[in-house]
Amino acid sequence: MKDNQTNILVLNCGSSSVKYQLIEISKEKVLARGVVERIGLEGSRLKHEAKKRKIIIEDHILDHDTAIDIIIKILLNDDFGVIKNINEIKAVGHRVVHGGEFFIKSSLITDDFMETLKECIPLAPLHNPANIMGITAIKKILPEVPQVGVFDTSFHQTMPEKAYIYPIPYEFYEKNRIRKYGFHGTSHRYVSRRAAEFLKIKYETLKIITVHLGNGASIAAIDKGKSIDTSMGYTPLEGLVMGTRSGDIDPAIPMILARDFRMNPASVDSLLNKKSGVLGISGISSDMRDLEEKALKNDKRAKLALDIYSYRLKKYIGSYIAAMGGVNIIVFTAGIGENSDYIREKTLEGLEFFGIKLDKKKNKGLRGKEADISSPDSKVKILVIPTNEELVIARDTRDIIISLKNK
Ligand code: AMP
């Protein structure tokens with residue numbers, strides 16, 4: 001390893017998976033990436049990619065400790081590895097889902113950090129424990145290496161009270177911290193900054209709407225570099241229609257499902273999170289590619305799902321223009337935002353009144369790369385910017401370790 005090389009391991013630990021990338025941060029180069037899937041389940045395996053080669057290792061991967069262990073071993077492997085010695089990993093950056101109101105920015109992981117993160121478990125009971133297991137597991141292997149937590153929620157901590165307080169009795173906020181938090185913050189932060197760089201305009205002067213459309217989807221209003229509103233809420237269920245999540249519905253519906261359909265909380269939760277969204281409407285798939293294909297063949301419910309999806313998204317764009325008193329840039333990102341010309345066109349149709357004019361030719365067939373797809377006379381710039389959350393995590397981790405050295 002060269003002296004000026006700094007390898008940062010980025011970990012994204014879910015309840016049954018661990019995604020990883022080893023990034024050489026001075027060149028922002030991904031040396032290796034992969035995922036451990038089905039942790040603790042039948043058929044667990046590691047998928048690893050490095051040096052332009054891919055490998056799948058099927059193994060009995062019981063828990064997060066074993067998963068992290070296997071990741072380190074493959075990184076050190078003679079054939080598929082990219083490092084010779086474990087001390088070539090200089091820092092570890094973790095994606096952490098929920099930082100509540102405690103973490104307004106990425107932070108060095110210390111004992112205090114861990115205590116506070118545990119306090120956030122009730123806010124994300126499925127995600128935060130997995131993040132904690134990942135941090136604990138890598139700490140056992142690399143006890144002296146600095147670790148940094150980068151939160152999905154922290155970018156949205158700049159929202160004003162009027163955006164994050166729900167109109168329910170105030171004590172639920174005071175006592176239980178029930179409020180809008182917002183998610184995908186790392187992605188909204190990255191693509192909004194990148195959009196300003198792309199257009200060579202000062203970030204802090206812009207009104208930007210970022211539209212993150214993956215399996216989960218959210219939209220954010222970013223005014224002068226600060227998130228002032230976003231569509232996901234206390235949980236990632238609020239807001240836009242998603243692959244399997246309903247997004248906004250009449251808040252009485254869950255109560256009616258419980259009362260009239262005798263559903264318990266777990267089944268209401270599963271209905272709204274796993275069986276709704278475009279999957280629920282179409283009855284076909286949660287995957288946008290399948291729905292576009294079916295809609296082309298005139299499948300009525302697939303078409304309806306796409307109509308509802310883009311109509312509701314269009315309404316959110318309109319409301320965020322109102323919230324900011326204008327917009328300079330609209331950015332599309334994540335699986336659907338980066339790849340679906342159909343959804344981008346359908347969503348922006350009819351917004352010409354606001355000075356939003358799509359260049360249909362530039363939009364057509366554009367997939368997965370940075371581009372300006374607005375027509376030359378559009379007042380508002382429309383961009384596609386592929387998201388890169390791992391890079392943001394690695395950069396934040398680098399910045400924190402540099403600040404430690406300078407102390
Ligand atoms: P993500 O969660 O960011 O990986 O995004 C997943 C979503 O992106 C799925 O709904 C996919 O159907 C969608 N997607 C990926 N590629 C395409 C494509 N070429 N056209 C339309 N949707 C796509």
Side-chain angles (χ1 to χ4, degrees), residues 10 12-21 30 33-35 37 47 49 95 97 126-127 152 182-192 194 210-220 230-232 236-237 239-247 273-297 299 301-310 312-313 331-348 358 360 362-371 373 383-393:
V10 174
N12 178 353
C13 300
S15 52
S16 65
S17 72
V18 176
K19 294 192 191 118
Y20 63 93
Q21 285 193 7
V30 179
R33 57 157 60 91
V35 58
E37 295 173 328
K47 287 185 190 166
E49 199 182 326
R95 175 193 179 216
V97 168
L126 294 179
H127 293 103
D152 268 25
F183 297 86
H184 293 145
T186 312
S187 175
H188 289 293
R189 172 157 64 110
Y190 173 77
V191 298
S192 58
R194 191 66 210 121
T210 46
V211 187
H212 177 113
L213 305 177
N215 275 322
S218 69
I219 173 166
T230 190
S231 57
M232 283 181 167
L237 181 57
L240 302 173
V241 179
M242 301 176 224
T244 61
R245 289 175 237 166
S246 65
N273 274 296
K274 302 204 174 114
K275 298 176 189 150
S276 296
V278 288
L279 170 68
I281 304 165
S282 67
I284 297 169
S285 169
S286 64
D287 193 302
M288 202 48 85
R289 285 165 290 201
D290 299 340
L291 296 176
E292 287 183 13
E293 204 183 304
K294 289 279 183 186
L296 275 177
K297 292 182 184 146
D299 184 286
R301 295 252 300 275
K303 273 181 156 173
L304 179 64
L306 299 179
D307 277 353
I308 298 172
Y309 187 92
S310 42
R312 287 182 167 235
L313 174 55
V331 189
F332 286 90
T333 194
I336 298 164
E338 290 165 27
N339 293 298
S340 175
D341 46 9
Y342 178 86
I343 289 292
R344 293 189 300 251
E345 181 176 333
K346 216 169 155 44
T347 301
L348 299 176
L358 182 73
K360 290 187 185 170
K362 284 186 196 154
N363 181 48
K364 190 93 201 136
L366 184 92
R367 296 197 204 297
K369 59 173 189 225
E370 288 188 357
I373 51 170
L383 303 183
V384 173
I385 307 265
T387 193
N388 195 341
E389 291 162 277
E390 291 78 12
L391 181 60
V392 180
I393 295 171

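Any value given below was found using the heavy atoms of this structure, including those in side chains, with hydrogens, waters and symmetry copies removed. Both counts, for ligands and for their atoms, begin at 1 and track the order of listing.
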Report summary line: Of all protein heavy atoms, the one nearest atom 19 (N) of ligand 1 is N339 CB, 3.5 Å
Report summary line: In this structure, atom 3 (O) of ligand 1 is nearest to the protein heavy atom G335 N, 2.9 Å
Query - Atom of L237, atom of M242 and distance for their closest heavy-atom approach - result: O-CE, 3.9 Å
Query raised in the report: Does any N/O atom on S340 come nearer than 3.5 Å to any N/O atom on ligand 1?
Result: no
Report task. Report the residues that fulfil salt bridge (Lys or Arg N to Asp or Glu O under 4.0 Å) with K275, sequence neighbours left out, ordered by chain and then residue number. Result -> none
Requested in this report: Please examine the side chains of R312 and I308, heavy atoms only from C-beta on, and report whether any two atoms are closer than 4.5 Å.
Outcome: yes
Report task. Would you mind checking which non-hydrogen protein atom is closest to atom 12 (O) of ligand 1, with the distance to 0.1 Å? Result -> D287 OD1, 2.3 Å
Query raised in the report: Is the shortest side-chain N to carboxylate O distance from K346 to D307 below 4.0 Å?
Result: yes
Query raised in the report: Less than 3.5 Å between some nitrogen or oxygen of N215 and one of ligand 1, yes or no?
Result: yes
Query raised in the report: For M288 and ligand 1, does the shortest N/O to N/O distance drop below 3.5 Å?
Result: yes
**Report entry** Which of the ligand 1 atoms, numbered from 1, are nearer than 4.0 Å to a heavy atom of G214
**Finding:** 1 (P), 2 (O), 3 (O), 5 (O)
**Report entry** Nearest-contact summary for atom 23 (C) of ligand 1 - protein heavy atom, Å
**Finding:** R289 CG, 3.7 Å
Query - Heavy atom of the protein closest to atom 13 (C) of ligand 1 (residue, atom name, distance) - result: I336 CG1, 3.5 Å
Query - D287 with R289: basic N within carboxylate O range, under 4.0 Å - result: yes
Query raised in the report: Quick one: are V384 and R344 in side-chain contact, heavy atoms under 4.5 Å?
Result: yes
**Report entry** Any donor-acceptor N or O pair under 3.5 Å, side chains H188, S218
**Finding:** yes
Report task. Provide the number and element of each atom of ligand 1 under 4.0 Å from a heavy atom of A334. Result -> 3 (O)
